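Written out below as structure tokens is the structure these notes cover.
These numbers come from a predicted model, not from an experiment. Side chains included, hydrogens not; waters and symmetry mates left out as well; all remaining heavy atoms used. Note that ligands are numbered from 1 as they come in the structure, with each ligand's atoms numbered from 1 the same way.
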Amino acid sequence: MKILVTGGAGYIGSHTCVELLNEGHEVTIVDNLCNSNMEAVNRIEEITGKEVAFYKVDIRDREKMGQIFNENDVDAVIHFAGLKAVGESCEIPLEYYINNISGTLVMLDIMKEHGVKKIVFSSSATVYGCPETVPVKEDFPLSVTNPYGRTKLMLEEILQDVYKSDNEWNVILLRYFNPIGAHQSGRIGEDPNGIPNNLLPYITKVAIGELPQLNVFGDDYPTEDGTCIRDYIHVVDLARGHVKAIENMKNGGVEIYNLGTGKGYSVLEVIKNFEEASGKKVPYKIADRRQGDVAVIYGDPSKAKKELGWEAQYGIKEMCRDSWNWQKNNPNGYKK
Ligand code: NAD
Ligand code: UFG
């Protein structure tokens, strides 16, 4: 298939492009590089030995998006492009609504104009809010607490409305848990700007000596060791989930899948696994809780296994090993 990947130069997008190309699909990337680097695109080509068409375009640019659809015979879209930092979304909510919501609306409108009605959308486990029980299933109640999460929930609803108005649309909403790790080659990985917000990039920067120590946000949660529990998933597994989703699209419908491992690890367990996998010590101190964190969340990924034939292959050790391999081989990320 010919797949248009928005945000394909980003962390999850770049890994997904590699898996799509490996499976014989053709890939066109649209990315404005606001949170990524052209070097990621070069490395996708290097890893796969295949070419991708790349457009440095903002998905809100109607005219250029129209041209891209004119020039490429697109079968389906995988839509990653968007802003993703929870804390930042509380400081600059309008930027988040304009980028994530308006961008998606422009893109859906252009898709409609060109008769392209297949879309896989990057949603997030954040739409489950603070779940009453775990593991969370796709039909659990939804709630959000910050503008970033609200864009995901609104876009899920918008996409469902689009399908209701025209049953030829195929919409797959993928709710990711916590993607970490990197491609085994060590050539592509997560390259956050500035001080990382997320746990694994922070840990790798401490391990390489760029940051002095990790702050563990709270050790008084109702969990065994008092730190929060999350469902970490290897980004390559996550990427393969997109390939399965695209390849298993039915003739019209909306489907929702959790993409996680179904296992939860505490912050202290992640540190321990990282230290074992890397042979590096990660100094840390216990800090205050971070506002908005839920104590425990992990997913039930059985629907994706049953319907897509997808299941995570990698465990926490491989996730930590590959995060470290990426960091150690690219101490400055994609920057020279
Ligand atoms: P990322 O920032 O690495 O990738 C997003 C890409 O989109 C970047 O390359 C950025 O330059 C591009 N982009 C942003 N706005 C754009 C616009 N208007 N036009 C064109 N390109 C634009 O983030 P990621 O971690 O790869 O996340 C991909 C998607 O998955 C996002 O939608 C994110 O919200 C979602 N998601 C991520 C996580 C996570 O923990 N990483 C968890 C759940 C969901
Ligand atoms: N943590 C620390 N110290 C840090 C960073 C994180 O202790 O420096 C802890 C957090 O408190 C949390 C865990 O590590 O308990 C994981 O935190 P992350 O920031 O890595 O991930 P979150 O679970 O908060 O959020 C991530 C994405 C969101 C997405 C959500 C879905 O950042 O975009 O997963 O569950 F919505």
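- At the shortest separation from atom 4 (O) of ligand 1 among protein heavy atoms lies Gly10 CA, 3.5 Å.
- Protein heavy atom in closest approach to atom 34 (O) of ligand 1: Tyr148 OH, 2.7 Å.
- Within the structure, salt bridge (charged side-chain N to carboxylate O under 4.0 Å, His left out) contacts touching residues 107-125 (residues at least two apart or in different chains) are Arg62-Asp109, Arg62-Glu113, Lys117-Asp166, Lys117-Glu168.
- Considering Asn35, Val127, Asn99 only, the shortest heavy-atom separation from atom 15 (N) of ligand 1 involves Asn99.
- At a 3.5 angstrom cut-off on N or O pairs, Ile59 counts as close to ligand 1.
- Counting the atoms of ligand 1 from 1 in the order shown, those under 4.0 Å from a heavy atom of Leu33 are 11 (O).
- Close N/O approach between Asn32 and ligand 1 is found [any backbone or side-chain N/O within under 3.5 Å].
- Nearest-residue assignment for atom 6 (C) of ligand 2 (options Leu214, Thr223, Leu199; heavy-atom criterion): Leu199.
- In this structure, of Phe80, Phe121, Tyr176, the residue bringing a heavy atom nearest to atom 31 (C) of ligand 1 is Phe80.
- For atom 24 (O) of ligand 2, the closest non-hydrogen atom of the protein is Arg290 NH2, 2.8 Å.
- At the top of the distance list for atom 8 (C) of ligand 1, counting protein heavy atoms only, stands Asp31 OD2, 3.6 Å.
- Geometrically, ligand 2 and Asn198 share a nitrogen or oxygen pair separated by less than 3.5 Å.
- At a 3.5 angstrom cut-off on N or O pairs, Pro179 does not count as close to ligand 1.
- Between Arg240 and the choices Glu19, Glu23, Glu311, Glu247, the salt bridge (Lys or Arg N to Asp or Glu O under 4.0 Å) rule is met once, by Glu19.
- Not one N or O of Ser123 is nearer than 3.5 Å to an N or O of ligand 1, by distance alone.
- Close N/O approach between Leu83 and ligand 1 is not found [any backbone or side-chain N/O within under 3.5 Å].
- Between atom 14 (C) of ligand 1 and the options Gly82, Gly103, Ser124, Pro201, the minimum heavy-atom separation is to Gly82.
- For atom 24 (P) of ligand 1, the nearest protein heavy atom (residue, atom name, distance) is Lys84 NZ, 3.8 Å.
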